[in-house]
Amino acid sequence: MNSGNALEDLMRHMGLTQSEILGRTALLDWQPSDAQRLNAVAEQMNDAQQRFVERLYDHLRRFPGPATLISDPATLSRLAHSQLDYYQRLWHGPYDDDYVASRVRIGLIHQRASIEMKWYLAGYRIYLDEMLHTLFPQHEHQALFASLLKVVFFDMTLAIDTYSSAQRQALEDSEARFARALRGANDGIWDWHIEHDRLYVSERWASMLDLSRDNLGEGSLSWFSRVHPDDLPGLRQAIDAHVSGANALLHHEYRIRRANGDYLWVQARGVAEIDSSGQRRITGSQTDISARKTVEQQLRHAARHDPLTGLGNRLRLDELLQQCLQQLGKTGAREAALLFVDLDRFKLINDSLGHACGDQVLVEVSRRLRHCLRPGDHLCRFGGDEFVVLLTDLACADDAEIVAQRMLDCMHTPMHIADQVLVVSASIGITALQPHNASQDALQAADLALYQAKQAGKAQFARFSAELQVSAHYQLELESALSQALERNEFVLHYQPICRLEQGSTRLVGVEALLRWQRGDTLVPPLDFIPSLEESGEIIRVGDWVLAQACRQVRAWQLSGQPHLHCAVNLSSRQLRQDDFVLRLTEILLDSGLPPASLVLEITESQLLEDSTATLITLRALANLGVQLALDDFGTGYSSLGYLKRFPLNILKVDKSFIGGVPGDAELSVISRAIIGLGQSLGLEVIAEGVESPEHLDFLRGQGCQLAQGYWFSRPCAAHELQVQFSRLAAGGYLDLAASAGVTAEAE
Ligand code: C2E
Ligand code: MG
Ligand code: MG
């Protein structure tokens with residue numbers, strides 16, 4: 001700061017305004033006549049002044065402090081000269097603003113030159129004493145007055161010292177308190193004078209960075225050049241926002257480089273001040289927040305990672321996926337893909353070996369999957385036994401299939417977990433990522449492909465395609481419409497005759513009820529919607545409806561001229577698993593009036609396998625009820641012949657895939673023959689399905705198979721269409737179904 005500024009600052013600080021100066025002169029009773037009186041004799045006092053200066057330095061030289069100051073002759077002569085000017089002006093004036101300013105300036109210079117106040121006052125005392133001798137040389141009380149001057153000046157030194165010491169002490173106390181508080185807070189202090197770019201930092205500020213204050217420059221560069229390049233714009237913005245008044249305080253966290261090159265997380269707080277001349281300075285603290293940042297980072301990590309496998313979780317995946325999609329939008333970006341990995345039958349491991357074992361399997365799987373990836377790819381645990389892989393920087397999207405295959409292969413090696421040897425497999429859905437995809441869409445696409453892989457038999461991968469989406473969309477629409485089909489009376493039953501082959505003719509013995517869904521103008525075949533009904537559990541209610549409807553219809557036909565007609569109804573495994581199935585069936589039979597012996601329930605081989613003990617109990621209860629049981633589609637399932645004896649079966653239905661090949665296909669003919677023979681030797685009735693031609697019929701006759709069903713006799717048809725045939729029969733005719741083949745075709 002230059003001396004002009006320092007003087008102005010000091011005068012402002014002293015409160016030396018015009019009115020203060022006037023007040024001071026009034027207090028001293030200063031009158032214009034005083035000035036005139038002094039001015040009038042000013043010239044005569046020159047010699048006395050000269051004498052005074054000599055006397056002053058003679059006197060001061062006796063005291064060690066001032067003596068060192070004036071030991072140099074050049075300094076002495078300069079001081080003596082200005083001293084003379086100073087004292088002469090007491091007499092000469094003028095006593096204007098400049099007079100005041102020059103007095104303060106000289107005081108300031110003396111203070112800076114370490115001239116103590118008591119020496120200063122001692123000088124005034126000698127001065128007055130010298131003037132006393134000059135003005136009143138012969139006065140009788142001269143000595144007395146000189147003594148009075150001494151004691152008055154002694155008092156004055158005491159009074160001034162008392163004031164200034166007391167103030168200094170208060171200041172020192174407050175500074176000490178401040179210093180203690182700072183030590184306690186362990187914060188560094190900084191003070192930046194923006195216009196002059198002068199930066200003061202405390203020792204603690206520097207020691208946080210393992211530096212000493214002396215190693216740091218004086219400008220703000222010594223601060224800003226150490227700030228982490230990524231954080232510097234933010235810090236500058238925060239400072240600007242505060243200095244411009246947009247923010248009440250500066251409050252900013254950033255990283256700053258330490259002596260060893262590491263970065264330390266700190267928090268800067270500060271307030272800016274603008275002095276009356278518009279100069280800005282900003283002062284504040286710097287706190288080491290690295291411990292808090294570490295905890296925050298740990299929490300952040302915990303919130304984004306799975307504790308079991310250490311892999312990123314769903315939240316982390318979302319971040320990575322967003323980043324990846326953004327990256328893809330940039331020019332020159334290569335392909336990326338998302339893989340949804342799901343373990344096959346993992347629930348079985350958890351249920352049979354316990355969750356601890358399941359956890360170990362997941363850890364091992366994650367380890368193996370990780371080994372299949374390159375650095376830069378990401379593996380996350382999506383939840384349960386689901387993992388998501390993000391492949392980036394692929395040369396072409398097809399490379400994802402190579403990685404997927406590698407993942408499937410790495411599962412083959414058996415795992416040794418808790419004294420068990422386990423082999424697990426996984427299914428994988430793959431989707432290529434597109435730059436403008438929403439992350440949710442990408443996940444959905446991969447999930448859909450995964451579903452496809454599972455449907456196709458598990459332990460394989462499938463790729464998302466537009467067709468897959470169309471069929472999923474169709475499936476979704478189908479399912480939502482299906483859930484309302486029962487309430488809207490959209491289900492209908494078609495009936496297909498079952499015939500007994502007699503010498504030269506056929507006789508109708510029963511009908512198989514086959515479900516259809518009338519969806520608008522289309523008649524949807526059962527294989528298109530029954531799996532959905534089974535999955536949703538709706539098959540229970542729909543199956544009840546089929547049973548009730550079929551029993552009622554066949555009972556009506558029995559009463560109108562077909563007394564021995566059998567009713568065959570297909571059952572789904574979920575129906576059979578219902579605890580109260582037998583009870584509900586009894587009610588349905590009672591309601592319809594159909595004798596239990598007229599009802600045939602068709603079940604498949606896989607149903608028998610599912611839970612054989614419970615199934616056996618239910619089937620026995622059904623047999624006790626008098627209901628007949630048929631094993632449908634025989635030969636297409638697992639064909640364990642043991643259960644043919646074990647379960648109370650009455651009928652074996654040979655699947656149409658065998659009959660379709662006779663008599664041309666030698667192998668199928670052999671199998672068909674064997675199945676028919678097997679059924680007969682076990683005392684079961686055998687029904688051949690899918691009879692479409694006279695050749696089929698001749699073959700069956702040749703094998704002694706007496707019951708048949710197929711398009712040759714009739715396609716499944718609506719109840720009223722079949723009714724026409726019954727009426728013909730009632731009118732005395734013999735029903736020759738073969739003659740009507742093709743005529744009763746379904747409107748499919
Ligand atoms: P399924 O029980 O084996 O029924 C026989 C299927 O073969 C029927 O197909 C029938 O239309 C067809 N069919 C009959 N004769 C011939 C022929 O000469 N040639 C050929 N190629 N096919 C013939 P549909 O009606 O499409 O039924 C398919 C399957 O849907 C049934 O097989 C049955 O497993 C299931 N299903 C039908 N209705 C129901 C039901 O109410 N409940 C349950 N759970 N399943 C049903
Ligand atoms: Mg059937
Ligand atoms: Mg069948």
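All residue numbers in this chain count up from 1 along the given sequence. Basis for what follows: all heavy atoms, side chains included, without hydrogens, waters or symmetry-related copies. Just so you know, ligand 1 is whichever comes first in the structure, and atom 1 is the first atom listed for that ligand.
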Asks: Relative to the Mg ion (ligand 2), which of the N, O or S atoms in D632 is the closest?
Replies: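 Among the N, O or S atoms of D632, the one closest to the Mg ion (ligand 2) is OD2.
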Asks: Indicate, as side chain, backbone, both or neither, the part of R516 found under 4.0 angstrom from ligand 1 when only non-hydrogen atoms are considered.
Replies: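 The part of R516 near ligand 1 is the side chain, not the backbone.
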Asks: Please lay out, stage by stage, how T413 and R368 fare under the test side-chain contact (heavy atoms from CB on, under 4.5 Å).
Replies: CA-CA 10 Å; T413 324; R368 291 185 184 190; 3.9 Å; yes
Asks: Within the structure, is a non-hydrogen atom of E602 found at a distance of less than 4.0 Å from ligand 1?
Replies: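 Yes; E602 lies near enough to ligand 1 that a heavy-atom distance drops under 4.0 Å.
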Asks: Just let me know how D632 lines up against ligand 1, side chain, backbone, both or neither, with a heavy-atom cut-off below 4.0 Å.
Replies: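 Near ligand 1, D632 shows its side chain, while the N, CA, C and O stay back.
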Asks: Less than 4.0 Å between a side-chain N and a carboxylate O, is that true for R381 and D306?
Replies: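 Between R381 and D306 there is a salt bridge, with a charged N closer than 4.0 Å to a carboxylate O.
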Asks: Under 3.5 Å between any N/O of Q709 and any N/O of ligand 1: does that happen in this structure?
Replies: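 By distance alone, the answer is no.
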Asks: Is there a heavy atom in G543 that sits closer than 4.0 Å to ligand 1?
Replies: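 Flag not set, G543 not near ligand 1.
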Asks: Using the salt bridge (Lys or Arg N to Asp or Glu O under 4.0 Å) rule, take E535 and R574 through it: C-alpha gap first, then chi angles, then the decisive distance, then the call.
Replies: CA-CA 9 Å; E535 204 164 298; R574 285 190 77 145; over 6 Å; no
Asks: Please work out, at 4.0 Å between heavy atoms, whether the side chain, the backbone, both, or neither of L515 comes within that distance of ligand 1.
Replies: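 Both parts.
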Asks: Heavy atoms, side chains only, cut-off 4.5 Å: are L317 and F382 in contact?
Replies: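 SC-SC contact between L317 and F382 confirmed.
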Asks: Look at D342 together with K458 and state whether they make a salt bridge at an N to O cut-off of under 4.0 Å.
Replies: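 Salt bridge flag = no for K458 with D342.
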Asks: Please confirm whether E512 comes under 4.0 Å of ligand 1, counting heavy atoms of the residue only.
Replies: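 Within the 4.0 Å threshold, so yes.
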Asks: Can you tell which part of Q496 has a heavy atom less than 4.0 Å from ligand 1: side chain, backbone, both or neither?
Replies: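 Only the side chain of Q496 comes within reach of ligand 1.
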Asks: Looking at K653 and E602, does any basic side-chain N land under 4.0 Å from a carboxylate oxygen?
Replies: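 Answer for the salt bridge query: yes.
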Asks: Less than 4.0 Å between a side-chain N and a carboxylate O, is that true for E490 and R516?
Replies: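 Here R516 does not pair with E490 in a salt bridge, since their nearest N and O are not under 4.0 Å apart.
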Asks: Ligand 1 and Q575, any nitrogen or oxygen pair closer than 3.5 angstrom?
Replies: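 No, since none of the N or O atoms of Q575 sits under 3.5 Å from an N or O of ligand 1.
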Asks: E512: which N/O/S atom is nearest the Mg ion (ligand 2)?
Replies: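 Distance check against the Mg ion (ligand 2) picks out OE2 in E512.
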Asks: Quick one: which ligand 1 atoms are inside 4.0 Å of a heavy atom on V546?
Replies: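 By the 4.0 Å cutoff, the relevant atoms are 41 (O).
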Asks: For the Mg ion (ligand 2), which N, O or S atom of E602 is at the shortest distance?
Replies: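 Minimum-distance N/O/S atom of E602 relative to the Mg ion (ligand 2) is OE1.
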Asks: Record the part of L493 in heavy-atom contact with ligand 1 below 4.0 Å; permitted values are side chain, backbone, both and neither.
Replies: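 Answer for L493: neither.
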Asks: Could you tell me whether R715 approaches ligand 1 through its side chain, its backbone, both or neither, with non-hydrogen atoms closer than 4.0 Å?
Replies: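 For R715, there is no contact with ligand 1 at all, from either part.
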Asks: Can you tell whether the side chains of D385 and K347 come within less than 4.0 Å, N to carboxylate O?
Replies: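 Answer for the salt bridge query: no.
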Asks: For ligand 1, is any non-hydrogen atom under 4.0 Å from D633's backbone (N, CA, C, O), its side chain (CB onward), both, or neither?
Replies: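 Side chain only.
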Asks: Of all residues at least two apart in sequence or in a different chain, which pass the side-chain contact (heavy atoms from CB on, under 4.5 Å) check with P694?
Replies: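 Per chain and number, P694 pairs via side-chain contact (heavy atoms from CB on, under 4.5 Å) with W712.
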Asks: Report yes if some N/O of N570 lies less than 3.5 Å from some N/O of ligand 1; otherwise report no.
Replies: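 Looking only at distances, the answer is yes, because the N/O contact criterion of under 3.5 Å is met.
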Asks: Just jot down the ligand 1 atoms closer than 4.0 angstrom to any heavy atom of E692, in number order.
Replies: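 In order of numbering, the contacting atoms are 17 (C), 18 (O), 19 (N), 20 (C), 21 (N).
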Asks: For ligand 1, is any non-hydrogen atom under 4.0 Å from V691's backbone (N, CA, C, O), its side chain (CB onward), both, or neither?
Replies: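 The answer is the backbone of V691.
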Asks: Look at the aromatic rings of W557 and Y495 and report parallel, tilted or perpendicular, splitting at 30° and 60°.
Replies: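 Taking Y495 first and then W557, their aromatic rings stand perpendicular (interplane angle over 60°).
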Asks: Decide salt bridge (Lys or Arg N to Asp or Glu O under 4.0 Å) for R584 and E587; before the verdict, give the C-alpha distance in whole Å, the side-chain angles of both, and the deciding distance to 0.1 Å.
Replies: CA-CA 5 Å; R584 286 210 316 275; E587 274 174 31; over 6 Å; no
Asks: Looking at R500 and E685, is any side-chain nitrogen of the basic one under 4.0 Å from a carboxylate oxygen of the acidic one?
Replies: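 Between R500 and E685 there is a salt bridge, with a charged N closer than 4.0 Å to a carboxylate O.
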